[in-house]
Amino acid sequence: MEDQPLDPILERRARIAGWVTAAKRVGYGLLLVAVTAFFVGAATSFSGTIVTLVTIAMAASAVLLAPAIVFGYAVGAAEREDRERGL
């Protein structure tokens with residue numbers, strides 16, 4: 001493995017990419033919980049607990065996924081620009 005000089009920009013980009021990956025996993029997991037709870041509620045009866053679970057899971061999913069998707073595109077665009085510039 002080559003020893004490359006540590007570039008603070010690349011380190012920061014890698015750290016943000018890691019956060020994006022984690023936030024997407026948790027966000028999509030919460031979305032799965034919300035959809036599953038919704039179908040369980042539809043099959044049985046929509047109790048207050050099911051409605052609360054669906055609402056909280058959907059809200060938390062949106063809070064996590066929206067910035068994660070935007071930052072994911074930003075990291076991808078920065079990497080693509082670096083490749084195009086030969087960096």
Side-chain angles (χ1 to χ4, degrees):
M1 193 164 121
E2 291 182 29
D3 288 328
Q4 296 179 351
L6 299 177
D7 185 352
I9 300 297
L10 295 179
E11 287 179 5
R12 185 173 183 192
R13 192 181 299 160
R15 189 171 46 250
I16 291 171
W19 293 339
V20 164
T21 300
K24 282 184 177 181
R25 284 182 182 159
V26 173
Y28 285 122
L30 287 169
L31 189 58
L32 178 64
V33 167
V35 170
T36 303
F38 176 82
F39 284 113
V40 167
T44 58
S45 66
F46 281 105
S47 67
T49 304
I50 295 291
V51 172
T52 302
L53 178 62
V54 170
T55 304
I56 290 173
M58 286 294 292
S61 174
V63 166
L64 285 172
L65 283 176
I69 290 169
V70 171
F71 278 104
Y73 278 115
V75 168
E79 290 174 351
R80 185 172 45 256
E81 184 177 342
D82 282 354
R83 278 192 311 270
E84 290 172 358
R85 296 172 83 195
L87 299 176

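FYI, the numbering just counts along the sequence from 1. None of the values given here were measured: they were computed from a predicted structure.
Each of V35 and L32 belongs to its own hydrophobic cluster when Ile, Leu, Val, Met, Phe, Trp and Tyr are linked at side-chain heavy-atom distances under 4.5 angstrom. Cluster annotation: F71 is not connected to L31 through the hydrophobic network of ILVMFWY side chains, with a link wherever side-chain heavy atoms come within less than 4.5 Å. Residues L64 and I69 fall into different hydrophobic clusters, defined by Ile, Leu, Val, Met, Phe, Trp and Tyr side chains chained together at heavy-atom separations under 4.5 Å. Under the 4.5 Å side-chain heavy-atom criterion for ILVMFWY residues, no single connected hydrophobic cluster contains both F46 and L53. Criterion: ILVMFWY side-chain heavy atoms under 4.5 Å apart, direct or through other members. Under it, I50 and F39 are part of a common hydrophobic cluster.
By the 4.5 Å heavy-atom criterion applied to side chains, R13 and L10 are counted as neighbours.
Residue A34 comes nearest to V54 through the heavy atom pair O-CG2, 3.6 Å, listed as atom of the first residue, atom of the second, then distance. Between A23 and L65, the shortest heavy-atom contact is O-CD2, 4.4 Å.
Partners of Y73 by ring pair (Phe, Tyr, Trp, His ring centres under 6.0 Å), not counting sequence neighbours: none found.
Counting only residues at least two apart or on different chains, no side-chain hydrogen bond (donor to acceptor under 3.5 Å, both in side chains) pair has a member in residues 40-68.
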